[in-house]
Amino acid sequence: MRWEKWVSSSSGFDKESSLAIKGLAILLMIAHHLFAFSRPLTLALDYGENKQLYRFIGVSGKMCVVMFMFVAGYGTFVSLQGKSNLFGLLLKKVKAIYFEFWKISAFPIIGLLLLGLLNVGLFEFVANALCLSSSINGTWWFLQTYIIFLLLVPVSFMLVSVTKYAQLLILLVVVVIFPLLSKYAPDGYFRSSIHYAFYYFPAFYCGIFFAKHQIYNRVLSVFVKRSSQALLFGVVLALAFAVRIVWGFNIATILIVAALCGFASLWRIRFFVLLGEYSMGMWLIHDFFIDPRYLSKWMILITDSPILIFLAIALISYFLAYVISRFWTSVDRVITGSALQKY
């Protein structure tokens with residue numbers, strides 16, 4: 001059937017399932033940054049009678065961070081569980097993330113410098129390059145928070161390995177208390193870092209918890225029929241959405257993401273998988289087209305349609321992320337080929 005080219009069945013939450021979630025998350029991130037704030041580009045769009053709808057989509061898109069963190073925690077446990085020299089492997093992972101960040105961000109930074117749209121001092125540039133600051137691109141704060149969570153992985157792994165009741169108590173404290181503590185981050189240079197760390201650590205930790213206890217595999221083994229599995233995830237999703245809208249509890253957002261990951265463990269939409277493969281590049285690039293300091297004034301010349309601007313930013317970001325990825329792949333092949341020729 002034609003739809004099978006775009007939707008494939010899955011028998012658990014695997015790497016492609018995580019890519020599908022990342023693909024959906026990056027679209028929500030673009031919507032969040034485009035529609036949730038009073039930026040010049042946002043205010044210049046013609047929403048007609050749907051302004052509140054776009055606003056709702058933009059605000060709801062904030063859950064993209066929870067999606068990325070949950071998947072990151074899940075994948076980290078799956079890839080590193082039982083490994084010796086855990087901290088050494090984590091340092092290698094952090095180094096790889098930094099290199100990927102530098103390879104992708106170099107292109108927009110060079111482009112903006114050539115266009116005269118970026119004026120940054122040496123200290124500020126180094127701080128951004130080391131993820132100590134995100135003044136060049138406000139969305140880059142995520143990387144610093146993710147690195148902090150990776151360095152805390154040994155502690156997280158230890159916490160999900162204690163007795164069953166202690167694990168549940170720790171999970172409750174992390175999910176309920178940590179978001180509250182984020183409101184009391186002390187003033188200073190790292191205030192935002194501390195706030196984000198406390199607020200989003202529950203999602204990362206829940207990802208580790210779900211992976212440790214193989215929650216999705218257990219659900220799929222208990223509810224054998226695909227329809228029953230989908231119904232369960234659908235009920236959790238609907239209830240979590242209702243609780244999130246009415247009370248705004250942080251745990252509800254995590255349950256929404258957990259339910260979406262549940263659906264991804266049943267079916268993978270190829271479109272989202274393709275986006276997920278280049279989600280890091282899209283994340284690092286897209287806000288340059290929304291931030292008023294850079295290219296947003298050119299975007300409004302294309303159209304004032306919210307949906308078309310959204311699609312344009314998504315497509316351009318994907319295209320640039322793809323081209324940059326292909327470029328570095330070619331460079332790696334040339335370097336590898338040259339190294340082999342020496343021997």
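Given the structure is predicted, the values throughout are model-derived calculations rather than measurements.
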*Asks:* Keeping the roles fixed (side chain from Ser60, backbone from Ile57), state whether a donor-acceptor pair exists under 3.5 Å.
*Replies:*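 Side chain of Ser60 to backbone of Ile57: no pair is present.
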*Asks:* Picking from Phe210, Phe209, Tyr205, what satisfies ring-ring contact (aromatic ring centres under 6.0 Å, His included) with Phe70?
*Replies:*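 Result for ring-ring contact (aromatic ring centres under 6.0 Å, His included) with Phe70: Phe210.
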*Asks:* Within the 4.5 Å heavy-atom criterion, are Asp287 and Arg39 side-chain neighbours or not?
*Replies:*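 When only atoms from C-beta onward are counted, Arg39 and Asp287 do touch, with a gap below 4.5 Å.
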*Asks:* Mind checking whether Trp267 and Phe263 have parallel, tilted or perpendicular rings, split at 30° and 60°?
*Replies:*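 Because their plane-to-plane angle is under 30°, the rings of Trp267 and Phe263 count as parallel.
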*Asks:* With no hydrogens and no angle check, do the side chains of Asp332 and Thr329 hold a donor and an acceptor under 3.5 Å apart?
*Replies:*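 Result is no, nothing qualifies.
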*Asks:* Give me the atom names and distance for the closest heavy-atom approach of Ile208 to Gly73.
*Replies:*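 Distance-wise, the nearest heavy atoms are CG1-O, 3.3 Å.
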*Asks:* Same cluster for Ile136 and Leu115 if Ile/Leu/Val/Met/Phe/Trp/Tyr side chains link at under 4.5 Å?
*Replies:*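 Looking at the clustering, Leu115 is in the same group as Ile136.
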*Asks:* If only atom types and distance count, is the side chain of Asn128 paired as donor or acceptor with the main-chain N or O of Ser135 below 3.5 Å?
*Replies:*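 Yes; judged by distance alone, with no hydrogens or angles, the pair exists.
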*Asks:* Is the side chain of Ser317 donor-acceptor paired with the backbone N or O of Ala314 at a distance under 3.5 Å, no angle test?
*Replies:*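 Such a contact is absent between Ser317 side chain and Ala314 backbone.
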*Asks:* Side chain to side chain contact (heavy atoms under 4.5 Å, CB included) for Val66 and Ile256? Distances and angles first, verdict last.
*Replies:* CA-CA 10 Å; Val66 178; Ile256 291 171; over 6 Å; no
*Asks:* Taking atom CZ of Phe319 as the centre, report whether more than 12 heavy atoms of other residues, nucleotides or ligands fall under 6.0 Å from it.
*Replies:*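 No, the 6.0 Å shell around CZ holds no more than 12 heavy atoms from other groups.
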*Asks:* Side chains of Leu143 and Trp140, heavy atoms from C-beta outward: is any pair under 4.5 Å?
*Replies:*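 No, every pair of side-chain atoms sits at 4.5 Å or beyond.
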*Asks:* Quick one, Phe149 and Ser156 - any side-chain contact, counting heavy atoms below 4.5 Å?
*Replies:*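 In short, these two side chains do not touch, never coming nearer than 4.5 Å.
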*Asks:* Can you find a pair of side-chain heavy atoms, one from Ile290 and one from Ser296, that are under 4.5 Å apart?
*Replies:*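 No, too far: nothing below the 4.5 Å cut-off.
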*Asks:* Would you say Val59 and Phe56 are hydrophobically clustered, going by side-chain heavy atoms of ILVMFWY under 4.5 Å?
*Replies:*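 No, separate clusters.
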*Asks:* If you group Ile, Leu, Val, Met, Phe, Trp and Tyr by side-chain heavy-atom gaps below 4.5 Å, do Leu117 and Met299 land in one group?
*Replies:*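 Yes.
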*Asks:* Keeping Ser221 on the side-chain end and Asn217 on the backbone end, is there a donor-acceptor pair under 3.5 Å?
*Replies:*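 At least one qualifying donor-acceptor pair exists.
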*Asks:* Can you list everything that forms a ring pair (Phe, Tyr, Trp, His ring centres under 6.0 Å) with Tyr54? Sequence neighbours excluded, please.
*Replies:*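 Tyr54 satisfies ring pair (Phe, Tyr, Trp, His ring centres under 6.0 Å) with Phe35, Tyr47 only.
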*Asks:* Hey, are the side chains of Tyr196 and Gln144 touching, using non-hydrogen atoms and a 4.5 Å cut-off?
*Replies:*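 No, too far: nothing below the 4.5 Å cut-off.
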*Asks:* Considering only heavy atoms from C-beta outward, does the side chain of Phe101 approach that of Met280 to under 4.5 Å?
*Replies:*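 A side-chain contact exists here, since the closest heavy-atom pair is under 4.5 Å.
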*Asks:* Begin from the C-alpha positions of Tyr216 and Ser17 and carry the test side chain to side chain contact (heavy atoms under 4.5 Å, CB included) through to its verdict.
*Replies:* CA-CA 12 Å; Tyr216 294 116; Ser17 300; over 6 Å; no
*Asks:* Look at the side chain of Thr76 and the backbone N and O of Ala72, then say whether any donor-acceptor pair between them is shorter than 3.5 Å.
*Replies:*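 Checking the backbone N and O of Ala72 against the side chain of Thr76, a donor-acceptor pair under 3.5 Å is found.
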*Asks:* For Gly48, does its backbone N or O pair with a side-chain atom of Lys51 as donor and acceptor, under 3.5 Å?
*Replies:*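 Not at all, since once roles are kept as given, no pair shorter than 3.5 Å links the two residues.
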*Asks:* Show your working on side chain to side chain contact (heavy atoms under 4.5 Å, CB included) between Cys206 and Leu171 and close with a plain yes or no.
*Replies:* CA-CA 8 Å; Cys206 283; Leu171 181 67; 3.9 Å; yes
*Asks:* Please answer whether the main-chain N or O of Leu266 pairs with a side-chain N or O of Arg226 as donor and acceptor at a distance below 3.5 Å.
*Replies:*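 Judged by distance alone, yes, a pair lies under 3.5 Å.
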*Asks:* Give the ring-plane orientation class for Phe107 versus Trp328, where under 30° counts as parallel, over 60° as perpendicular and anything between as tilted.
*Replies:*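 Because their plane-to-plane angle is over 60°, the rings of Phe107 and Trp328 count as perpendicular.
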*Asks:* Keeping Ser330 on the side-chain end and Arg326 on the backbone end, is there a donor-acceptor pair under 3.5 Å?
*Replies:*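 Here the side-chain-to-backbone pair exists.
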*Asks:* Set out, in order, the CA-CA distance, both residues' side-chain angles and the distance that settles side chain to side chain contact (heavy atoms under 4.5 Å, CB included) for Ile324 and Tyr278, then state yes or no.
*Replies:* CA-CA 10 Å; Ile324 292 172; Tyr278 300 98; over 6 Å; no
*Asks:* Do the non-hydrogen side-chain atoms of Ile30 and Met282 ever get within less than 4.5 Å of each other?
*Replies:*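 Of all side-chain heavy-atom pairs linking Met282 with Ile30, at least one is under 4.5 Å.
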*Asks:* Is it the case that atom OH in Tyr322 sees more than 12 heavy atoms from other parts of the structure closer than 6.0 Å?
*Replies:*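 No, because the 6.0 Å sphere around OH of Tyr322 holds 12 heavy atoms or fewer from other groups.
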*Asks:* Return the minimal non-hydrogen interatomic distance between Asp304 and Ala44, and the atom names on each side.
*Replies:*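 So the minimum-distance heavy-atom pair works out to CB-O, 4.0 Å.
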*Asks:* Should Met69 and Thr145 count as side-chain neighbours, where that means a heavy-atom distance under 4.5 Å?
*Replies:*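 Answer yes - side chains close enough.
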